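Scroll down for the structure; my scribbles are underneath it.
Positions are given from 1 along the sequence. All values derive from a computational prediction rather than experimental measurement.
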Amino acid sequence: MEFAILGPLEVRTRTGNRIRLGGARQERLLAALLLNQGGAVPVPRLVDAVWEDRPPATADRQVRNLAGLLRRAFRKADPTGPPVLLTDGRGYRIPLDDHGLDSRLFADTVARSRRTAAAGQQSAAAAGLRQALSLWRGPVLDGLDGQLIDSGAVPLDELRLTAWEDCLDLDAALGRHRTSIPELTGLVADHPLRERFVGQLMRALHASGRTADALTVHRRFTGRLAEELGLDPSPELRRLHLALLTAGVDPAPGPGSAGAGPTTGPPAAVPRTAVCRTAVPRTAARPGGPVEERGGTALAVARGAGADPGREAVPREGGHGSRPGVPVPVPAQLPPSLATFTGREAELAALDAFTETAASPPASSHAPHPGPDPGPHSGPGSASAARICAVSGSAGIGKSALVVQWAHRIRGRFPGGQLYADLHGYSAEPPLTPHAVLARFLRALGVPGEQVPAVPEEAAALYRSMLADRRVLVVLDNARSAEQVRPLLPAAPACLTVVTSRAGLAGLTARDGARPLTLDLMPAPDAVALLDRVIGTRRARSEPAAVAELAAVCGRLPLALAIAASRLAERPGRTVADHVAELRDSGNRLTALAIDDDAASAVRATLDLSYRTLPAAARTLFRLLALAPGSGLTAAAAAALCGERVAVVRPVLDQLANAHLLTHEGGDQYRLHDLLRLYAAERAAAETGRAVSTAARERLGTWYLHHADAAARLLTPQRRRIPLGAPGPWYEPPAFTTAAGAQRWCESEHGRLLDLVRSAAEHGPDALAWRLPVVLWSYWFTSPHLDDREEAARLAVAAAVRAHDRYGEGQARNDLATALGALGRHDEMLAELRLARVLFAELGDRVGEARTIGNLGDHCLGTGAHGQARLHFQGALALFRAQPEEQRDDWAVRVCETDLGVAAMLAGRAREAGEYLHRALERHRSTGDPVLESITLHHLGDHHRRLGRPAEAAALLRQSLTVLDATVRNTRLRAEVLAALARLGEAAGPPDAQGPPGG
């Protein structure tokens with residue numbers, strides 16, 4: 001057996017077949033045995049691993065039963081293999097000498113690589129460590145937890161990190177500084193207190209000519225180390241920092257170094273720890289002294305270790321401020337952070353990175369700056385630039401929760417105070433005017449109410465003056481526009497302003513230099529973790545699948561997740577699965593995502609506030625977007641929904657994206673997430689008439705149908721088309737003009753095309769439900785999506801039957817037959833072909849009948865009846881050629897000629913096969929048909945292989961690849977050619993033994 005614990009628990013046989021265990025208890029039992037590395041584990045310890053602190057009375061017996069179940073599962077999977085689970089005294093063990101374990105292989109490979117490094121073979125040692133690290137698929141035993149499992153994972157995690165550190169030291173010794181920077185940046189983000197990674201990143205940045213960035217990394221690390229642990233960095237890192245400041249650093253430390261050492265001597269090795277190197281307690285006050293001058297007024301600032309920065313009580317004298325002798329508190333206006341805040345590590349890190357320069361005190365003539373300041377706005381004239389970050393995202397995405405959580409984390413860096421205001425930009429209440437907010441802030445800064453200027457411009461000037469020499473954090477929450485925010489921005493470079501808004505606030509970025517940060521939906525693991533935190537770990541882990549489904553049903557929107565979790569927390573007797581079932585009813589989902597006594601917090605209510613601020617054209621388009629299949633669409637498809645040109649609709653799409661009611665995913669692609677889609681459908685049902693919705697759906701179907709037909713004409717030139725009719729005057733032809741472009745469009749739209757077929761099959765019109773799959777056959781007949789192709793063909797048959805369209809039914813059944821043949825289901829294929837042939841004969845459609853006969857030949861090839869196949873192909877060719885030229889299907893003729901060559905080859909008629917295939921190849925080339933050219937070259941290669949000419953066969957197969965790579969880049973055809981080359985010993989690739997294409 002092969003066991004894997006460096007990630008989710010996996011068990012595979014010697015032949016690679018995965019063994020699925022019977023449940024969580026069996027997994028926990030097996031995990032405990034594997035963590036013991038082949039040693040015996042007593043039954044009581046296994047009981048603890050399976051049930052922790054609440055074992056049942058029959059736990060010992062159940063452990064033995066679980067062991068028996070595991071034995072049976074292993075024996076069934078590998079009856080001839082060595083025993084896996086042995087009884088040893090009062091416990092059990094797994095003899096790892098007879099079986100594989102990835103953690104053991106990892107440790108052995110690391111040890112071997114370290115011996116290689118000690119022998120001076122640095123490149124080989126680095127490669128070995130990389131090979132060892134590649135065994136990791138995630139955290140140890142990902143998905144399982146418990147004290148025993150967690151404690152067993154710690155040494156493996158530590159060995160992984162030290163191996164990574166050794167590998168990066170070797171990379172540095174080999175001069176791979178620049179290429180290691182992205183990896184080190186990620187490692188420092190994941191392990192911010194691991195000092196050796198920090199030192200390695202500093203060295204790599206310095207060696208790549210980015211000393212300023214290296215100093216920023218040091219400043220960020222020392223600030224976090226002091227804030228979270230009250231420690232100073234180790235002497236090694238301090239020496240590295242000093243060496244960087246004087247540009248005298250040795251960029252190649254030895255393995256085990258903390259990453260610091262000037263060029264005057266070798267770096268000292270220090271003991272490894274799980275968190276940081278040798279650290280010195282911080283006992284001195286933070287830099288800056290106890291008093292800070294602010295516009296002529298002395299205010300005591302609490303800066304010592306452990307001091308509360310929230311208040312100061314020193315009388316003001318003179319100027320605007322409180323009356324003499326009255327204490328003025330430092331403003332600390334941040335609202336409470338959410339106890340259930342979860343995840344958003346990447347966004348928090350982005351905010352931390354932005355804060356670094358903003359939190360640094362400005363340089364003065366008395367205290368020179370300790371080093372370069374590569375802030376986000378560094379450059380000429382940036383020394384006096386205020387720092388602004390604009391956090392945007394859709395309603396309920398968690399902007400306010402993120403910013404408040406982060407603001408509490410870094411409030412100590414802003415001893416001048418923290419100002420906060422909810423601007424009511426998207427609220428049931430009217431938006432606050434800038435002057436109203438300025439009055440609040442000025443009063444908080446000590447200006448008596450009667451001294452607040454009544455003129456907005458004067459109030460803004462006084463506000464900027466009050467903050468000129470302070471370090472203050474300003475949080476402007478729920479902003480409506482840049483105009484609402486701009487008067488509230490401090491001018492002082494030491495201040496930091498963070499704005500949240502549902503709008504993008506591009507004006508702040510363009511005019512005021514704001515750094516944008518856009519929030520997307522929560523990652524699935526974070527969404528599950530949030531639910532776990534609110535409803536309780538035990539409850540969540542009793543229904544892990546239902547919890548994951550609940551996160552998906554809530555669209556991973558934090559507000560929806562919080563509401564769903566709170567409703568479950570209020571009903572401890574209700575299962576998660578029951579709540580998911582309620583939410584699955586899309587008609588009730590938005591209604592269910594509400595809190596009984598807080599209507600303003602409902603998902604629907606928050607979306608209403610965004611929707612009402614849109615212009616009329618944007619509201620109309622938003623409603624129509626709910627009619628599109630799937631969650632995404634292009635600007636051209638959106639224009640089809642509206643019956644407008646793309647140039648007219650694109651600015652409206654941008655308005656929706658700026659309001660975060662639609663996500664712009666780059667290029668021409670847009671996405672509407674699940675809950676927004678439900679909300680758009682609600683608004684469409686309430687505000688858009690049925691006739692308007694029906695017309696929009698028909699336009700979208702027409703657009704996709706004609707684009708698919710344009711793609712088919714490029715992918716299968718000269719193939720007979722079905723009649724479609726003319727689109728409306730709003731229709732714009734596709735941008736693609738080559739077979740490669742057509743292939744790319746079909747692949748990018750594959751999911752939406754299938755969704756559209758499903759939607760038309762369910763809601764109508766039936767004409768679209770059968771026509772679109774028939775048109776798409778030109779793409780699907782060589783695509784890897786065989787199951788989708790069969791589903792679409794079956795939906796097409798059903799739609800044509802419902803519509804009593806005999807022509808459509810014949811076309812759809814013929815296409816379904818080819819899909820079944822590609823799947824190797826030849827009996828079903830034959831039944832559909834017989835039905836299709838009868839339909840075409842009754843209609844007098846000789847071309848359709850000829851196609852069906854040709855596909856009967858393909859059926860015979862698939863079943864080994866090569867002589868019968870040859871007769872079918874010859875009969876199809878005769879029937880095709882008997883038709884008037886304007887009705888003839890020349891593409892199907894060329895396919896039949898190719899297939900005749902294949903049939904002759906398989907029947908052993910070598911000369912005839914070569915003639916047919918070479919003739920077909922010339923016709924495909926003269927027609928400009930790269931798909932059939934590549935397929936025919938593939939068959940010619942097979943023909944030469946059978947003749948014992950491997951060199952000629954390989955040359956033809958490489959030609960086939962060249963045609964594909966230069967034109968359509970069809971992945972399925974490429975895999976088939978690579979498989980053929982592999983059989984010749986030329987290359988390796990996954991085999992995909994599909995038969996020749998049908999017509």
Side-chain angles (χ1 to χ4, degrees), residues 4-11 18-28 30-31 50 52 137-146 149-150 153 338 340-347 394 396-398 401-402 519-586 588-590 592-594 603 630-632 663 671-678 751 755:
I5 64 173
L6 302 181
L9 177 63
E10 285 189 4
V11 186
R18 185 172 178 179
I19 301 174
R20 300 201 177 275
L21 303 177
R25 291 179 181 175
Q26 289 187 37
E27 290 181 350
R28 294 168 73 85
L30 180 59
V50 175
E52 290 200 311
R137 298 166 292 112
V140 175
L141 292 168
D142 194 12
L144 299 177
D145 59 5
I149 291 173
D150 291 345
L338 288 177
T340 57
F341 183 86
T342 305
R344 296 295 192 194
E345 294 301 325
E347 291 84 356
S394 66
I397 204 75
L402 168 72
L519 265 61
D520 203 346
L521 301 173
M522 293 188 81
D526 289 352
V528 170
L530 190 153
L531 293 170
D532 185 308
R533 194 163 185 174
V534 177
I535 69 175
T537 300
R538 186 176 300 277
R539 188 176 179 188
R541 292 180 183 175
S542 68
E543 297 182 83
V547 171
E549 190 177 2
L550 179 58
V553 168
C554 290
R556 295 184 283 116
L557 186 72
L559 175 60
L561 291 164
I563 292 172
S566 68
R567 290 174 71 89
L568 274 171
E570 292 169 358
R571 299 167 176 83
R574 192 178 201 200
T575 67
V576 180
D578 285 344
H579 197 48
V580 169
E582 178 186 350
L583 293 175
R584 276 292 180 199
D585 180 357
S586 61
N588 293 328
R589 192 179 309 178
L590 292 178
L593 290 173
V603 171
S631 60
T663 302
R671 174 173 57 87
L672 194 67
H673 75 67
D674 289 350
L675 294 180
L676 278 172
R677 184 178 177 80
L678 286 176
D755 283 340

Where do [X] and [Y] come nearest, in terms of heavy atoms and distance?
{"X": "Leu583", "Y": "Ala564", "value": "CD1-CB, 4.5 Å"}
{"X": "Val580", "Y": "Ala546", "value": "CG2-O, 3.6 Å"}
{"X": "Ile149", "Y": "Ala31", "value": "CD1-CB, 4.3 Å"}
{"X": "Val528", "Y": "Ala551", "value": "CG2-CB, 4.2 Å"}
{"X": "Ala540", "Y": "Val547", "value": "O-CG2, 3.5 Å"}
{"X": "Gly398", "Y": "Pro558", "value": "N-CG, 4.3 Å"}

ask   = Among Leu6, Ile5, Asp150, which one satisfies side-chain contact (heavy atoms from CB on, under 4.5 Å) with Leu141?
value = Ile5
key: Counterpart residues, side-chain contact (heavy atoms from CB on, under 4.5 Å), relative to Ala401 (two or more places apart)   = Leu338, Phe341
query = Does a salt bridge link Asp520 with Arg671, judged by any charged N lying under 4.0 Å from a carboxylate O?
reply = yes
Distance in Å, [X] [atom1] paired with [Y] [atom2], rounded so as to fall on 0.5 Å steps:
{"X": "Glu582", "Y": "Leu550", "atom1": "CD", "atom2": "CG", "value": "10.5 Å"}
{"X": "Asp532", "Y": "Arg539", "atom1": "CG", "atom2": "CZ", "value": "11.5 Å"}
{"X": "Thr342", "Y": "Arg533", "atom1": "OG1", "atom2": "CZ", "value": "4.5 Å"}
{"X": "Thr663", "Y": "Leu672", "atom1": "OG1", "atom2": "CG", "value": "8.0 Å"}
{"X": "Glu543", "Y": "Leu568", "atom1": "CD", "atom2": "CG", "value": "8.5 Å"}
{"X": "Leu519", "Y": "Glu347", "atom1": "CG", "atom2": "CD", "value": "5.0 Å"}

key: Pairs meeting criterion salt bridge (Lys or Arg N to Asp or Glu O under 4.0 Å) with involvement of residues 549-559, two or more places apart   = Glu549-Arg584
inquiry  = So Glu10 and Arg137, do their side chains get closer than 4.5 Å, heavy atoms only?
reply    = yes
ask   = Does the side chain of Leu21 come within less than 4.5 Å of Leu9's, by heavy atoms?
value = yes
message = If we ignore hydrogens and angles and just use 3.5 Å, is the side chain of Ser394 paired with the main-chain N or O of Ile397 as donor and acceptor?
response = no
request  = Just do the side-chain contact (heavy atoms from CB on, under 4.5 Å) check on Asp674 and Leu678 with the steps written out, would you?
outcome  = CA-CA 6 Å; Asp674 289 350; Leu678 286 176; 5.8 Å; no
